[in-house]
Amino acid sequence: MSLGSNLQHFLTKMINGIDIVTAQSNIIVLWSVWFHRNLFIWKGTAASPTHMIQTADNFLQHWVERTEGAPNVVNDFRASWSRPELSVLKCNVDAATFSNADCTSFTTVLRDHDGQFIRGLSGFVDTILEP
């Protein structure tokens, strides 16, 4: 079984059969551990487990406040990735604005011609950015 399958199995087991609030909390804690791991590896910044949990709680609370009452949007399309030329990197970008929360979120993924992940970035800004 591949690592991806193990992770998918783990996440599925972790959130199946529990209420949405607990599932959100579990996922955000995992995100916080991953985020702080990256800070440690790339910037040498260490954080305590308590700080990681507090970061997750603050993020989740902020997210719930910002998205409460927001309409659910479902996109009915399938995106596909096309390979760049040999020795060329491709950067895919996506963003969403939330007028009710006056913020914009974004994600970028950089891949090589084989589709191998090079680097990614995601975040949000407290303003609405226009295209």
Side-chain angles (χ1 to χ4, degrees):
M1 187 179 285
S2 70
L3 177 60
S5 296
N6 289 334
L7 179 59
Q8 181 180 5
H9 180 73
F10 169 75
L11 292 174
T12 301
K13 288 289 189 185
M14 188 180 77
I15 63 173
N16 275 350
I18 59 175
D19 62 284
I20 188 70
V21 173
T22 303
Q24 289 172 338
S25 181
N26 289 348
I27 295 297
I28 293 298
V29 167
L30 288 175
W31 167 83
S32 185
V33 169
W34 170 82
F35 176 78
H36 286 93
R37 172 230 178 242
N38 285 347
L39 285 178
F40 180 75
I41 288 174
W42 300 109
K43 296 186 178 184
T45 306
S48 70
T50 302
H51 179 76
M52 291 181 204
I53 299 295
Q54 287 172 339
T55 299
D57 286 343
N58 290 340
F59 183 89
L60 183 57
Q61 181 181 3
H62 185 73
W63 181 79
V64 168
E65 289 170 0
R66 294 280 180 130
T67 58
E68 210 167 84
N72 288 331
V73 177
V74 176
N75 292 325
D76 191 18
F77 68 92
R78 297 202 186 268
S80 63
W81 185 81
S82 59
R83 294 177 186 270
E85 295 178 21
L86 187 65
S87 302
V88 173
L89 299 178
K90 185 172 188 177
C91 182
N92 292 101
V93 180
D94 195 11
T97 59
F98 303 93
S99 57
N100 63 329
D102 200 29
C103 69
T104 301
S105 66
F106 61 90
T107 301
T108 64
V109 176
L110 189 63
R111 295 183 184 273
D112 67 11
H113 62 276
D114 287 326
Q116 294 296 311
F117 177 83
I118 304 295
R119 186 158 295 187
L121 173 71
S122 66
F124 73 95
V125 291
D126 285 323
T127 188
I128 294 179
L129 300 177
E130 297 294 329

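Listed by chain and number, the residues in a side-chain hydrogen bond (donor to acceptor under 3.5 Å, both in side chains) with Ser122 amount to none (sequence neighbours excluded). With sequence neighbours left out, Gln61 forms a side-chain hydrogen bond (donor to acceptor under 3.5 Å, both in side chains) with Glu65. Every ring pair (Phe, Tyr, Trp, His ring centres under 6.0 Å) that His62 has, sequence neighbours left out, goes to Phe124. Phe59 pairs by the ring pair (Phe, Tyr, Trp, His ring centres under 6.0 Å) definition with Trp31, not counting sequence neighbours. Residues meeting the side chain to side chain contact (heavy atoms under 4.5 Å, CB included) test with Asp57, sequence neighbours left out: Ile53. Every residue two or more places apart in sequence or in another chain that forms a side-chain hydrogen bond (donor to acceptor under 3.5 Å, both in side chains) with Asn92 is listed here: Trp81. In terms of the side chain to side chain contact (heavy atoms under 4.5 Å, CB included) criterion, residue partners of Ser82 (sequence neighbours excluded) are, by chain and number, Lys90. In this structure Ser87 satisfies the side-chain hydrogen bond (donor to acceptor under 3.5 Å, both in side chains) test with no other residue, sequence neighbours excluded. For the salt bridge (Lys or Arg N to Asp or Glu O under 4.0 Å) test, residues two or more places apart in sequence or in another chain that qualify with Asp126 are Arg66. In this view, Leu89 and Leu110, Asp112, Ile118 satisfy the side chain to side chain contact (heavy atoms under 4.5 Å, CB included) rule, not counting sequence neighbours.
Legend: ring pair (Phe, Tyr, Trp, His ring centres under 6.0 Å) pairs involving residues 99-118, not counting sequence neighbours: none detected.
Between Thr45 and His36, the closest side-chain pair of non-hydrogen atoms is not below 4.5 Å. Contact of the Asn26 side chain with the Thr22 side chain is registered, since non-hydrogen atoms from C-beta on lie closer than 4.5 Å.
Between Met52 atom CE and Ile28 atom CD1 the span is 15.0 Å, to the nearest 0.5 Å. To the nearest 0.5 angstrom, Gln54 atom CD is 10.0 Å from Ser32 atom OG.
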Start with the C-alpha gap between Asn38 and Lys43, add the side-chain angles, then the distance that decides, and say whether side-chain contact (heavy atoms from CB on, under 4.5 Å) holds. CA-CA 8 Å; Asn38 285 347; Lys43 296 186 178 184; over 6 Å; no
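Under the 4.5 Å side-chain contact rule for hydrophobic residues, Trp34 and Leu60 share a cluster.
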